[in-house]
*Asks:* 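One structure coming up, written as structure tokens, with questions to follow.
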Amino acid sequence: MAFARVARSGLRRTGGTFGSYSSEGDVLLCEGVSIHRGPLPSLQNAKAASDFSYISSFRKINHVNMQSRGIRVTPRYQSATAERIVEESESEYDEPRYPGLEATKPGEKPRVVVLGTGWAACRFMKGLDTKIYDIVCISPRNHMVFTPLLASTCVGTLEFRSVVEPVNRIQSALATSPDSYFYMASCFGVDTDKHEVYCETISNGGLPHEPYQFKVAYDKLVIAAGSEPLTFGIKGVKEHAFFLREVNHAQEIRKKLLLNLMLSENPGIPEEEKKRLLHCVVIGGGPTGVEFSGELSDFIMRDVRDRYTHVKDYVKVTLIEANEILSSFDVSLRQYATNHLTKSGVGFMRGVVKEVHPKNIVLNDGTNVPYGLLVWSTGVGPSQFVKSLDLPKSPGGRIGIDEWLRVPSVEDVFALGDCAGFLENSGRPVLPALAQVAERQGKYLLELFNKIGKHGGKALSAKDIPLGDPFVYKHLGSMASVGRYKALVDLRQSKDAKGLSHAGFVSWLIWRSAYLTRVVSWRNRFYVAVNWATTLVFGRDNSRIG
């Protein structure tokens, strides 16, 4: 490091020409210019010890020959090469320094860092023993979304606040414990050797440095960063389609739907343009796409026809699916859903989207479909953050995990939820990206952590601790609402297994009762019940705010 400082100093004085070092003690920078006369103490010590490890930053400069008695350098280096030496030496000793939380000290509680606020992360944090651990949660959003009811918020059946739960209500230690925190930020890197994560805050110009970056050291890391909608690289999807994964997505869909209804009533709008504005197209026949289509058709049949009488005959909903809708459900339930939605005014098209334009989509067979609102619901895949991590991957690109939800080859890292999947060599299939999978994994992992914590819980401390039984997932069944007080309930444990399946009004009551009990807090259960009762009596609110 002493040599690097001398080199930098000399280079700044001489413009970058690098001379040679003689055994008599002269360091020459430029011809005839000596910046030091007499032996350099640091270099003398280095020669005596025959150890030049502290100037290893020069390892990539091809013409530098390091020997125990000195350094021979090809004379008259060009300025650019000298700058390379300076830059490399600076990068070796002046690494980026991030503010943040340093590693825990002996006597302090071990720190668990959780990335995400989805089903898996919140179920894990809710039951984690805060007498054993400090928790740091890092996520771009400060709440959990109850996704099964998100489609209902798009048309006003439920209010947006009814389906969200702040994380500091789920785990109060984040608000009350002196060493537990919630940071609204996105993680952009993980150093598994240093046990650190690197984050960037979500802000709007309110901080002194933008973007503001920091680090958090961990004893245990739980990656539950969720997933992203799959677009299959189709041109125009991200620019023109709406997704339905977050509350802000539902808000944008609601605003666009109501805006199109009001614009279509303006005088002078051609009929073709009215048909396009009021054509709602849903891509994807999974549970989310079907439930949204059902809610939308219910809204049209009950509310739009009474409040937008001038354009009620132009409103249309089309669901486009490449294969069968609700492919994981029983065949009889699929047929029931298709017939019921058809009676409710939902049209079905079989096809694959080729490209998306601002006012129309083009299918593979050349069919042109105009639209006013396009909702994209074709499944999910790994996020860019998950793809960027240098961790083993499961089939499909998720973070690879073993039977105890650990990430192999690194210490103290666990992954669960939509971002994780069993490795191929585990002999287990990759589980579907469902809320019940994530919730069950979160419950299993918190029990495992509470067990580990009784033996210490610090970094690198779980090697010899017996972990007990591995995680086993048993499917509890699937449910989906199809609108107009009808729903599907499929209680089979797998697609090919036998079991109870039912459709109709009774299934709708089961669907509502099950989700009402699964809502995270009593406060939100009250909100949901009141919203449902208000909609039943007074209809949906069609105010457009924002």
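The shown structure was predicted, so the numbers you read here are calculated from the model rather than taken from an experiment.
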*Asks:* Output all residues satisfying ring pair (Phe, Tyr, Trp, His ring centres under 6.0 Å) with Tyr336, sequence neighbours left out; order by chain, then residue number.
*Replies:* none
*Asks:* Students often mix this up, so state it plainly: with edges at 30° and 60°, are the rings of Trp511 and Tyr515 parallel, tilted or perpendicular?
*Replies:* perpendicular
*Asks:* CE of Met479 to CZ of Arg512: how many Å apart, nearest 0.5 Å?
*Replies:* 12.5 Å
*Asks:* Regarding Arg350 and Glu324, does a basic nitrogen lie under 4.0 Å from an acidic carboxylate oxygen?
*Replies:* yes
*Asks:* Apply side-chain hydrogen bond (donor to acceptor under 3.5 Å, both in side chains) to Thr117 and list each qualifying residue two or more places apart in sequence or on a separate chain.
*Replies:* Ser139, Arg141
*Asks:* Which pairs of donor and acceptor atoms, one on a side chain in residues 223-244, lie under 3.5 Å apart (sequence neighbours left out)?
*Replies:*
residue	atom	partner	partner atom	Å
Ser227	OG	Arg245	NH2	2.9
Ser227	OG	Asp418	OD2	3.3

*Asks:* Is it true that a side-chain atom of Glu295 and a backbone atom of Ser152 form a donor plus acceptor pair closer than 3.5 Å?
*Replies:* no
*Asks:* Return yes if some donor-acceptor pair links the side-chain N/O of Arg525 with the main-chain N/O of Thr517 below 3.5 Å, else return no.
*Replies:* yes
*Asks:* Backbone N or O of Arg484 within a donor-acceptor pair of the Trp508 side chain at under 3.5 Å?
*Replies:* no
*Asks:* Under 30°, 30 to 60°, or over 60°: which ring-plane class applies to Phe471 and Tyr444, parallel, tilted or perpendicular?
*Replies:* perpendicular
*Asks:* Return the set of residues passing side-chain hydrogen bond (donor to acceptor under 3.5 Å, both in side chains) with Ser186 (not counting sequence neighbours), or none when no residue passes.
*Replies:* none
*Asks:* Give a yes or no on whether Arg523 atom CZ has more than 12 heavy-atom contacts from other residues, nucleotides or ligands under 6.0 Å away.
*Replies:* yes
*Asks:* Measure the acute angle between the ring planes of Tyr98 and Tyr198, then classify it against the limits of 30° and 60° as parallel, tilted or perpendicular.
*Replies:* tilted
*Asks:* Are any of the side-chain heavy atoms of Tyr181 and Leu101 separated by less than 4.5 Å?
*Replies:* yes
*Asks:* Could you tell me whether the side chain of His340 and the main chain of Gly483 form a donor-acceptor pair under 3.5 Å?
*Replies:* yes
*Asks:* Check whether any side-chain N or O of Glu403 sits under 3.5 Å from a backbone N or O of Pro470 as a donor-acceptor pair, and report yes or no.
*Replies:* no
*Asks:* Not counting sequence neighbours, which residues clear side-chain contact (heavy atoms from CB on, under 4.5 Å) with Asp490? List them please.
*Replies:* Phe329, Asp330, Leu333, Arg492, Ser501
*Asks:* My understanding is that only residues two or more places apart in sequence, or in another chain, count here; which of them pass side-chain hydrogen bond (donor to acceptor under 3.5 Å, both in side chains) with Tyr473?
*Replies:* Gln436, His475
